[in-house]
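Letters A, B, ... are given to chains in the order of the sequence lines, protein chains preceding strands, and every chain is numbered from 1.
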There are 2 protein chains.
Amino acid sequence: MLAVAALDATMLALADPTRRAILSRLTTGEARVTEIAAPFAMSLNAVSKHIRMLERADLVSRRRAGREHYLSLNPRPLDAAADWIEQQRTFWNHRLDALERALAEDQD
Amino acid sequence: MLAVAALDATMLALADPTRRAILSRLTTGEARVTEIAAPFAMSLNAVSKHIRMLERADLVSRRRAGREHYLSLNPRPLDAAADWIEQQRTFWNHRLDALERALAEDQD
DNA sequence: AGCATATTCAACCGTTAGGTTGAATGATGT
DNA sequence: ACATCATTCAACCTAACGGTTGAATATGCT
């Protein structure tokens, strides 16, 4: 139950291109909210909200240093997302293998 | 441009748990709309809409046989999604390596 | 103390997601 | 021809998303 809900939150967080860009930015290392917001053609507030969603999905964590908030990436939830996709491909390939075998039998 | 938009559509389609369940179902092979809808506690119409979104993301394609529509999985767009996630992890690890080297230097 | 900076909170707005119900379309079977 | 089955279309609803602006909060600087 909890694992499923966690994947839901992760996938939802990844659905938005701005949030994906924020995560990419954070692979380089920590950054403050203002720094993260700078490249985007939207208000600081909008970016702040995106960051909050990333925190809810536990993809980002926050370290307060006075008035500055340093965000950092937490890549662990990405594992479950990658696993899900990998599973789909695995099952898909199994099915294709079965199809191939069936076709081979037809030729006999 | 197009590649980015395609990833957007894929990620958006994957964001919903019902749609992910539909994709999982389709790894087994083709299925009709009614069959796909059966397990879900929602109307056929709702599932039909989800399927349309999956088609828009090119994750599912449709073969009409009389009044029955057979859906099948197209896993190719998943590659880009998996690649994106893998990139994040790669960059993240590079950054950690750099950190380790920095710490090692500090000890000299 | 007073001003500037970093960030969030709160209220609002337009669009879309996700669902419903009811009617329309189109193919099947008798 | 007719009733049934498979699916979509259309209209509607509510909640959430993604954005805005303006005020609040808290820290830092001089």
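Annotation: of the two residues near DNA chain C, A:R52 and B:T18, the 5′-most nearest-nucleotide partner is A:R52. Mapped onto DNA chain D by nearest heavy atom, A:G66 and A:A15 fall at different nucleotides, with A:A15 at the one closer to the 5' end.
For D:dG18, its base never sits under 3.5 Å from the side chain of A:N45 at any donor and acceptor pair. Applying the 3.5 Å distance criterion, the base of C:dT5 shares a donor-acceptor pair with the side chain of A:R67.
A pairwise comparison of heavy atoms in A:R89 and A:E86 identifies NH2-OE1, 3.0 Å as the closest pair.
Atom NE2 in A:H69 sits roughly 12 Å away from atom C1' in C:dT5 (whole-Å rounding). For B:D8 and D:dC17, the CG to C1' distance is 15 Å, given to the nearest whole Å. Atoms CG (A:D16) and C1' (C:dT15) sit 14 Å apart, rounded to a whole Å. Distance, B:R56 CZ to C:dA17 C1': 10 Å, rounded to whole Å. Atom CD1 of B:I51 and atom P of C:dG18 are 14 Å apart (whole Å). Atom CE in A:M42 sits about 17 Å away from atom P in C:dT15, given to the nearest Å. Between the CG atom of B:L12 and the P atom of D:dC17 there is a distance of 12 Å, rounded to whole Å. Regarding A:R64, its CZ atom lies at a distance of 17 Å from the P atom of D:dT25, rounded to whole Å.
Nearest nucleotide to the side chain of B:E68, out of D:dA6, C:dG19, C:dA6: D:dA6. Comparing C:dA17, D:dT20, C:dG19 by their nearest atom to the side chain of A:K49 picks out D:dT20. Among the nucleotides D:dA6, D:dG18, C:dT20, the one closest to the side chain of A:M53 is D:dG18.
At a threshold of 4.0 angstrom between heavy atoms, the contacts of B:R19 are confined to the sugar-phosphate backbone, with no base atom among them. At the heavy-atom level, A:L71 lies nowhere under 4.0 Å from the strands shown.
The main-chain N or O of A:E68 is never found under 3.5 Å from a side-chain atom of A:R32 such that the two would form a donor-acceptor pair.
For B:S43, a side-chain nitrogen or oxygen approaches OP1 or OP2 of C:dT20 to under 4.0 Å. For the pair A:H50 and D:dC17, the criterion of a side-chain N or O lying under 4.0 Å from OP1 or OP2 is not met.
Put simply, A:F91 and A:I85 are part of two different groups of oily side chains (I, L, V, M, F, W, Y) that touch within less than 4.5 Å, one to the next. Linking Ile, Leu, Val, Met, Phe, Trp and Tyr whenever their side-chain heavy atoms come within less than 4.5 Å leaves B:L12 and A:L12 in two separate clusters.
By the 4.5 Å heavy-atom criterion applied to side chains, B:M11 and B:W84 are counted as neighbours.
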